[in-house]
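Here the structure is laid out as structure tokens; the discussion comes afterwards.
Every number for a ligand or one of its atoms is a count from 1 in the order of the listing. Quantities reported herein were computed from a predicted structural model and do not represent experimental measurements.
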Amino acid sequence: MRILVVGAGIIGAALADRLTRPAPGGRPSSPDEVTLVEEHGPGAGTSGTSYAWLNANDPADPDYHRMRTAALSTWRELATEFGDPSWYRPTGNTTWASTDDARALLADRVARLTDLGYAAEPIDTDRLRELEPHVRAPQDALIAHYRDEGYVHGGSAARALTRRARESGAGIVTGHRAVRLNTEGGRVTGVRLDDGRDLDADLTICAAGRRSPALLATAGVPLALVDPSEPGSAAPCLVATTTAAPGVLNGLVHAPGLSARPAPDGGLVMEAEDLDAGVDESASPALMRAVGAELLARARALIPGLSADVAEVRRCVRPLPIDGYPLVGFQRPGLYTAVTHSGITLGPHLATLIDQELHEAPPPALAPYRPGRPSPTTRRHRREGRSATGAPPGPTDTAP
Ligand SMILES: Cc1cc2nc3c(=O)[nH]c(=O)nc-3n(C[C@H](O)[C@H](O)[C@H](O)COP(=O)(O)OP(=O)(O)OC[C@H]3O[C@@H](n4cnc5c(N)ncnc54)[C@H](O)[C@@H]3O)c2cc1C
């Protein structure tokens with residue numbers, strides 16, 4: 001089968017890699033001819049700016065939790081294949097709550113996750129000091145640690161997966177945008193590139209992240225993603241990095257008002273959901289500076305003695321399905337879509353499930369996430385499990 005994957009973010013790169021690797025479980029290898037098309041470079045989209053927390057930290061939907069837990073295992077296996085690369089950081093995640101309501105919510109979350117068999121553990125301040133010696137939490141905080149979570153440097157991971165796909169025989173076309181889907185009698189037959197070339201395929205997989213609705217619309221195919229240009233949209237956000245701050249954090253820390261983790265160059269990556277209110281796609285330089293300064297102030301309160309400065313504030317857009325869940329499956333003959341928030345956590349695992357669907361049978365795990373499901377337009381805005389108030393996120397704003 002000739003397969004064309006549009007987009008070399010974590011989803012498209014993981015797919016191109018999976019589809020060109022030896023088939024898992026001894027299934028006869030498929031003779032697919034895979035081509036990956038990327039407008040800029042691998043990892044240049046959302047995956048390269050993502051906070052990229054690997055987690056299944058939401059017990060609210062046990063099926064979705066199960067899929068995310070499987071996704072964490074898939075990452076572990078992938079990292080082993082790559083020889084434990086520096087872009088995969090299984091560091092654990094520490095969080096705490098310091099108001100009565102937030103403490104009750106966090107205790108409930110830890111209990112429910114533990115019931116589901118997830119590694120979630122209340123810890124005391126001595127243990128916090130061992131895990132994160134430079135971080136200060138209030139004495140009365142309820143602290144939890146999630147040992148099996150971590151993060152990924154999304155851009156590096158997408159590049160490594162693309163490289164391995166190329167080594168395994170995939171064709172990689174970078175620097176060209178797919179400007180439209182080509183169709184013939186209702187069947188998608190490939191794409192037209194911005195230089196006028198047509199790339200033909202038996203199956204075109206749209207993995208263009210936030211840009212997917214625009215590409216799909218060229219064949220009249222809808223996709224239920226949050227529109228980043230809508231006033232008050234939850235899709236646009238700001239992420240800041242700091243200058244070098246070596247060793248101040250070992251893993252992810254989700255404190256009230258600040259999410260932070262180490263950046264690849266030795267600084268920190270920081271974000272806070274409350275500061276994204278009012279941020280739109282064209283956030284002004286003044287707003288970006290103000291958000292960067294506030295994030296740094298919060299980081300200095302979290303890590304006394306932190307001397308780093310803001311290095312960069314980036315505008316990002318989440319590919320956020322309206323109901324928060326992945327959009328994965330055939331949309332037309334010859335056309336498959338794979339778009340999701342939480343794509344860093346889910347990418348390699350979705351690639352495995354899609355490979356299974358294309359070469360064996362539709363995996364039951366994908367059944368709830370088909371793009372044509374009855375109510376993908378019911379707003380839930382599920383996002384990563386971060387909260388500025390200190391309350392662990394509730395089921396409506398937490399972690400896909
Ligand atoms: C601030 C922020 C925090 C996040 N936090 C987390 C988190 O903690 N954990 C988590 O798991 N997820 C998180 N996410 C979500 C996650 O980053 C995304 O779900 C994931 O990166 C999406 O990957 P993707 O491959 O679908 O999209 P992208 O990485 O955007 O890749 C799509 C690629 O397609 C290319 N492209 C687009 N259109 C075309 C075209 N027409 N022709 C050719 N190429 C095209 C783009 O250039 C791009 O490289 C976060 C996102 C943001 C913005």
**Study point:** Per-atom contacts of ligand 1 with His176, taking only distances under 4.0 Å to non-hydrogen atoms
**Key:** 43 (C)
Check your understanding: Does an N or O anywhere in Ser47 fall below 3.5 Å from an N or O of ligand 1?
Key -> yes
Practice item. Take atom CZ of Arg261 as the centre, draw a 6.0 Å sphere, and report whether it contains more than 12 heavy atoms from other residues, nucleotides or ligands. Key: yes
Point to revise | Atoms in ligand 1 flagged as close to Ile10, the criterion being non-hydrogen separation under 4.0 Å | key: 23 (O), 25 (O)
Practice item. Measure from atom 36 (N) of ligand 1 to every heavy atom in Gly155, Gly41, Ala208 and give the option owning the shortest one. Key: Ala208
Check your understanding: Going through the distances and angles, do Arg163 and Arg166 end up as a side chain to side chain contact (heavy atoms under 4.5 Å, CB included)?
Key -> CA-CA 5 Å; Arg163 222 169 11 250; Arg166 182 192 293 117; 4.1 Å; yes
Check your understanding: Counting heavy atoms only, which of Glu38, Glu39, Arg261 is nearest atom 35 (C) of ligand 1?
Key -> Glu38
Review point. Under the 3.5 angstrom rule, does the side chain of Asp202 hit a backbone N or O of Arg2 as a donor-acceptor pair?
Key: yes
Under 3.5 Å, side-chain donor or acceptor atoms of residues 5-13 against the rest of the protein: list the pairs with distances, not counting sequence neighbours.
none

Exercise for review: Test side chain to side chain contact (heavy atoms under 4.5 Å, CB included) on Leu238 and Leu295 and set out the steps.
Suggested key: CA-CA 10 Å; Leu238 298 177; Leu295 286 167; 5.9 Å; no
Review point. Would you call Asp309-Arg300 a salt bridge at under 4.0 Å N-O?
Key: yes
Check your understanding: How about Arg68 and Asn57: do any of their side-chain heavy atoms sit closer than 4.5 Å?
Key -> no
Review point. Is the backbone of Leu181 close enough, under 3.5 Å, to the side chain of Thr218 for a donor and an acceptor to pair up by distance?
Key: yes
Exercise for review: Please state which part of Ile11 comes within less than 4.0 Å of ligand 1, counting heavy atoms only: side chain, backbone, both or neither.
Suggested key: both
Review point. Are any of the N or O atoms of Arg211 closer than 3.5 Å to those of ligand 1?
Key: no
**Study point:** ligand 1 versus Cys237: contacting region, heavy-atom distance under 4.0 Å
**Key:** side chain
**Study point:** Per-atom contacts, ligand 1 versus Arg177 - under 4.0 Å to a heavy atom
**Key:** 40 (C), 41 (N), 42 (N), 43 (C)
Review point. Are Thr74 and His349 linked by a side-chain donor-acceptor pair shorter than 3.5 Å?
Key: yes
**Study point:** Any N or O of Trp53 closer than 3.5 Å to N or O of ligand 1
**Key:** yes
Study note, to complete from the structure: Going by the 4.0 angstrom heavy-atom rule, the piece of Pro319 near ligand 1 is side chain
Check your understanding: Between Ala52 and ligand 1, which residue portion shows a heavy-atom distance shorter than 4.0 Å: side chain, backbone, both, or neither?
Key -> backbone
Review point. How about Phe82 and Tyr88: are their ring centres within less than 6.0 Å of each other?
Key: no
Exercise for review: Taking only heavy atoms of Gly209 into account, list the atoms of ligand 1 that are under 4.0 Å away from them.
Suggested key: 26 (O), 27 (O), 32 (C)
Exercise for review: Compute the shortest N/O to N/O distance between Ala178 and ligand 1 and return yes if it is under 3.5 Å, no if not.
Suggested key: yes
Check your understanding: So which of Gly48, Gly45, Ser50 gets nearest to atom 13 (C) of ligand 1, if we judge by its closest heavy atom?
Key -> Ser50
Check your understanding: For ligand 1, is there an N or O atom under 3.5 Å from any N or O atom of Gly43?
Key -> no
Check your understanding: What are the atoms of ligand 1, with element, lying closer than 4.0 Å to any heavy atom of Thr340?
Key -> 19 (O)
**Study point:** Backbone or side-chain N or O of Thr345 under 3.5 Å from ligand 1 N or O
**Key:** yes
**Study point:** Glu184 side chain to Thr189 side chain, donor-acceptor N/O pair below 3.5 angstrom
**Key:** no
Exercise for review: Check the side chains of Tyr369 and Arg373 for a donor-acceptor pair under 3.5 angstrom, ignoring hydrogens and angles.
Suggested key: no
**Study point:** Pairing residues for Glu360 by the side-chain hydrogen bond (donor to acceptor under 3.5 Å, both in side chains) criterion, not counting sequence neighbours
**Key:** Arg27
Check your understanding: Is the shortest N/O to N/O distance between Cys316 and ligand 1 below 3.5 Å?
Key -> no
Review point. Hey, is ligand 1 close enough to Val6 that some N/O pair sits below 3.5 Å?
Key: no
Practice item. Would you check if Trp96 and Ile123 make a side-chain contact, meaning some heavy-atom pair closer than 4.5 Å? Key: no
**Study point:** Numbering as shown, the atoms of ligand 1 that approach Arg318 to under 4.0 Å (heavy-atom distance)
**Key:** 52 (C), 53 (C)
**Study point:** Backbone or side-chain N or O of His40 under 3.5 Å from ligand 1 N or O
**Key:** no
Revision key, fill the gap. Of Arg112, His65, Glu149, the one forming a side-chain hydrogen bond (donor to acceptor under 3.5 Å, both in side chains) with Tyr118 is Glu149
Check your understanding: If you count the atoms of ligand 1 from 1 in the order shown, which ones are under 4.0 Å from a heavy atom of Val239?
Key -> 1 (C)
Review point. If you measure from each non-hydrogen atom of Val339 to ligand 1, which part falls under 4.0 Å: side chain, backbone, both or neither?
Key: neither
Point to revise | Short N or O distance, Arg210 and ligand 1, threshold 3.5 Å exclusive | key: no
